[in-house]
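Right, I'll just put the structure down here and ask away after.
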Protein chains: 2
Amino acid sequence: MRIGEVARQAGVSVRALRYYEEQDLLQAERSSGGQRQYPDSAVDRVHLIQQLFAAGLPSRSVREVLRCVYSGTVSPGLLDQLESERARISGRINELLAARDRLDGVIATTRNPPPECTHAQALDGPALSAAPSSTHRPAPRTTDR
Amino acid sequence: MRIGEVARQAGVSVRALRYYEEQDLLQAERSSGGQRQYPDSAVDRVHLIQQLFAAGLPSRSVREVLRCVYSGTVSPGLLDQLESERARISGRINELLAARDRLDGVIATTRNPPPECTHAQALDGPALSAAPSSTHRPAPRTTDR
DNA sequence: CTAAAACCTGACGTTGGCGTGAGGTGCAAG
DNA sequence: CTTGCACCTCACGCCAACGTCAGGTTTTAG
């Protein structure tokens, strides 16, 4: 399989695949003419890479995870690193949930403005239902299992 | 209130506050000597800005949201834009949930490697329980309400 | 055999939210 | 007055995952 086909099947750009090789995330054989040759499994591997990138892992971490998954060897300290990555992801999810709730408040306010805003404009504080609380959110619902 | 105090209370850098002004997200009066003067409400406003940035909104969108929230005026098309931002956030959350599940699979495999990997190394496909499916994930649980 | 895809290797550009000096000013205290 | 800290305005640096152009080679279709 050549690079263009892998790119199509995996839904990424050719440039991305070359970048993955440069970052040592995805190896390829070379044909006599110097062109990259991939096994079919490369497509799945690229999917995994994409998901890990989507999770916000840096390429260094992705590299280690890939080594672990595809070789069965466990480098020391990797587990701790994975756990901390997991924690970061959970934290990020909670951030996004909070932000989405906040945005929902704004949307609701926008959709039907409350009477207190119909006549009074340019309040110097946010008196809308989007309600920025003074110090700290109560951390409504978490997602950490 | 001067810039350093706002920065401390809001937990951001002075540089960030100046950047917000440059991006027209946070205005400030100036003292006779040219120093920025903020009302107390600026701290909450900065919190809101931070949350919107955390949600991945670009500064242009943040600017519009702020105008809406703090003035009560609804610019045309803003609602659609907010909805699409919300959708993006939800999509991002689902990506992260999927990635976290994937990572959990890797972690489980790492913690106690399955027998099939104890003797066979260098499988050309991922036969581990992290299990990259061939084409498309079934989109397990969504978070869009 | 030839033209057109598809591929190759550099190498520079992009994007955003700031970090980080450099070099100068405002302001309250001693 | 002068020390010293907080503040000011440029303006370049950064990081990551590629996009993109340039200029040349390999492979494939006819």
Side-chain angles (χ1 to χ4, degrees), chain A residues 1-39 42-43 45-66 85 88-89 92 95-96 99, chain B residues 1-39 42-43 45-66 85 88-89 92 95-96 99:
Chain A
M1 224 181 183
R2 291 192 304 172
I3 195 170
E5 188 59 23
V6 177
R8 249 187 308 280
Q9 289 192 28
V12 303
S13 70
V14 167
R15 176 69 175 97
L17 295 180
R18 289 201 269 252
Y19 174 74
Y20 295 163
E21 181 174 319
E22 188 183 316
Q23 296 297 306
D24 201 30
L25 306 178
L26 178 67
Q27 292 74 35
E29 303 291 309
R30 294 302 182 110
S31 75
S32 56
Q35 300 203 350
R36 292 172 179 83
Q37 283 295 332
Y38 297 89
V43 175
R45 187 171 175 124
V46 170
H47 277 144
L48 178 52
I49 293 172
Q50 289 281 101
Q51 274 192 314
L52 294 174
F53 274 143
L57 277 80
S59 55
R60 193 175 53 249
S61 300
V62 173
R63 194 155 47 231
E64 294 213 39
V65 171
L66 287 172
E85 294 288 2
R88 276 191 11 198
I89 295 172
R92 181 80 182 122
E95 270 184 30
L96 287 178
Chain B
M1 224 180 181
R2 290 192 303 174
I3 196 170
E5 188 58 23
V6 177
R8 247 188 308 281
Q9 290 192 26
V12 302
S13 69
V14 167
R15 175 69 174 99
L17 296 179
R18 290 201 268 251
Y19 174 74
Y20 296 162
E21 182 174 319
E22 186 183 318
Q23 296 297 306
D24 201 30
L25 306 178
L26 179 66
Q27 293 72 35
E29 302 291 309
R30 295 302 182 111
S31 73
S32 57
Q35 301 202 350
R36 292 172 178 84
Q37 282 296 330
Y38 297 89
V43 175
R45 188 171 175 124
V46 170
H47 278 145
L48 177 53
I49 293 172
Q50 288 281 102
Q51 274 193 314
L52 294 174
F53 274 144
L57 278 80
S59 56
R60 193 175 50 250
S61 300
V62 173
R63 194 155 48 229
E64 294 216 38
V65 170
L66 287 172
E85 294 289 1
R88 276 189 12 195
I89 295 173
R92 182 77 182 129
E95 271 183 29
L96 287 178

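Numbered from 1 within each chain, the chains take letters A, B, ... in sequence-line order.
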Nearest whole angstrom, please: distance from the C1' of D/dT28 to the CE of A/M1.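 Answer to the nearest Å: 18 Å.
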
Between P of D/dA17 and CD of A/Q23, the distance in whole Å: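 Taking CD of A/Q23 and P of D/dA17, I get 7 Å after rounding.
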
Give the nucleotide from the list C/dG26, C/dT9, C/dG17 with an atom nearest to the side chain of B/Y19.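 My answer, after comparing the listed nucleotides, is C/dG17.
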
Give a yes or no on whether a salt bridge exists between A/R18 and A/E21, defined as a side-chain N under 4.0 angstrom from a carboxylate O.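 Salt bridge flag = no for A/E21 with A/R18.
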
Is it the case that over 12 heavy atoms from other parts of the model lie below 6.0 angstrom from the CD atom of B/E29?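 Open.
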
N/O (side chain, A/R18) to phosphate O (OP1/OP2, C/dC8) under 4.0 Å: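 Yes, within the criterion.
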
From the list D/dT9, C/dC18, D/dC18, which nucleotide is the closest neighbour of the side chain of A/Q50?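 The nucleotide sitting nearest to the side chain is D/dC18.
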
What is the distance, to the nearest angstrom, from the CD atom on A/Q37 to the C1' atom on C/dA6?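 Rounded to whole Å, this separation is 12 Å.
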
Among the nucleotides D/dC8, D/dA17, D/dT26, which one has an atom lying closest to any side-chain atom of B/I3?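 Minimum distance to the B/I3 side chain belongs to D/dC8.
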
If you check every side-chain atom of A/S31, which of D/dT27, C/dG17, D/dA17 has the closest atom?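 When the side chain of A/S31 is considered, D/dT27 is the closest of D/dT27, C/dG17, D/dA17.
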
Does a side-chain N or O of A/R15 approach OP1 or OP2 of C/dC8 to a distance below 4.0 Å, or not?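 No, outside the criterion.
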
For A/E85, is there an ion pair with A/R88 - N to carboxylate O distance below 4.0 angstrom?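 Salt bridge between A/R88 and A/E85, a charged N being under 4.0 Å from a carboxylate O: yes.
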
Starting at atom CD of B/E22, determine the distance to atom P of D/dC10, rounded to an integer number of angstrom.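 From B/E22 CD to D/dC10 P: 10 Å.
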
Which whole-number value in Å describes the distance from B/R63 CZ to C/dG16 P?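 In whole Å, C/dG16 P and B/R63 CZ are 11 Å from each other.
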
Under the criterion side chain to side chain contact (heavy atoms under 4.5 Å, CB included), which of B/L48, B/V65, B/V62 is the partner of B/L25?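 Only one option passes, and that is B/V62.
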
Please classify the nucleic acid contact of A/R60 as base, sugar-phosphate, or nothing, using heavy-atom distances under 4.0 Å.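 Contact class for A/R60: none.
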
So which nucleotide from C/dC18, D/dC18, D/dT9 ends up closest to the side chain of B/Y20?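 Nearest to the side-chain atoms of B/Y20, counting from C-beta on, is C/dC18.
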
Looking across every strand, which nucleic acid part, if any, lies under 4.0 Å from B/L57 by heavy atom: base, sugar-phosphate, or nothing?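 Touches sugar-phosphate only.
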
Does C/dG19 have its OP1 or OP2 closer than 4.0 Å to a side-chain nitrogen or oxygen of B/S13?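 Checking C/dG19 against B/S13, a side-chain N or O does come within under 4.0 Å of OP1 or OP2.
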
Taking OP1 and OP2 of C/dG17, is either one under 4.0 Å from a side-chain nitrogen or oxygen of B/S59?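 Yes, such a contact exists.
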
Residue closer to the 5' end of DNA chain D, B/Q35 versus A/I49 (nearest nucleotide):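 Looking at DNA chain D, the more 5' nearest nucleotide goes with B/Q35.
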
Side-chain contact test, heavy atoms from C-beta onward, threshold under 4.5 Å: evaluate it for A/V14 versus A/Y19 and give yes or no.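 When only atoms from C-beta onward are counted, A/Y19 and A/V14 do not touch, as no gap falls below 4.5 Å.
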
Starting at atom CG of B/L25, determine the distance to atom P of C/dC18, rounded to an integer number of angstrom.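 After rounding, the gap between these two atoms is 10 Å.
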
Rounded distance (Å) that lies between atom C1' of C/dA6 and atom CZ of A/R30: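 Rounded to whole Å, this separation is 14 Å.
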
Rounded to the Å, how far apart are B/R8 CZ and D/dA6 C1'?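 Whole-Å distance recorded here is 10 Å.
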
Return the 5'-most residue of the pair B/F53, B/G33 with respect to DNA chain C, ranking by each residue's nearest nucleotide.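 Comparing both residues, the 5'-ward one is B/F53.
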
When all nucleic acid strands are considered with a 4.0 Å heavy-atom cut-off, which category describes B/R36: base, sugar-phosphate, or nothing?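 Here B/R36 touches the backbone only, sparing every base.
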
Which nucleotide in the list D/dA16, D/dC7, D/dT27 gets nearest to the side chain of B/R2?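 Given the options D/dA16, D/dC7, D/dT27, the side chain of B/R2 is closest to D/dC7.
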
Does this structure show an ion pair linking A/R8 with A/E5, if we count only N-O contacts that are shorter than 4.0 Å?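 So A/R8 pairs with A/E5 through a salt bridge.
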
When the nearest nucleotide of DNA chain C is assigned to B/P58 and to A/G34 on a heavy-atom basis, which residue is associated with the more 5' position?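 The residue closer to the strand's 5' end, by nearest nucleotide, is A/G34.
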
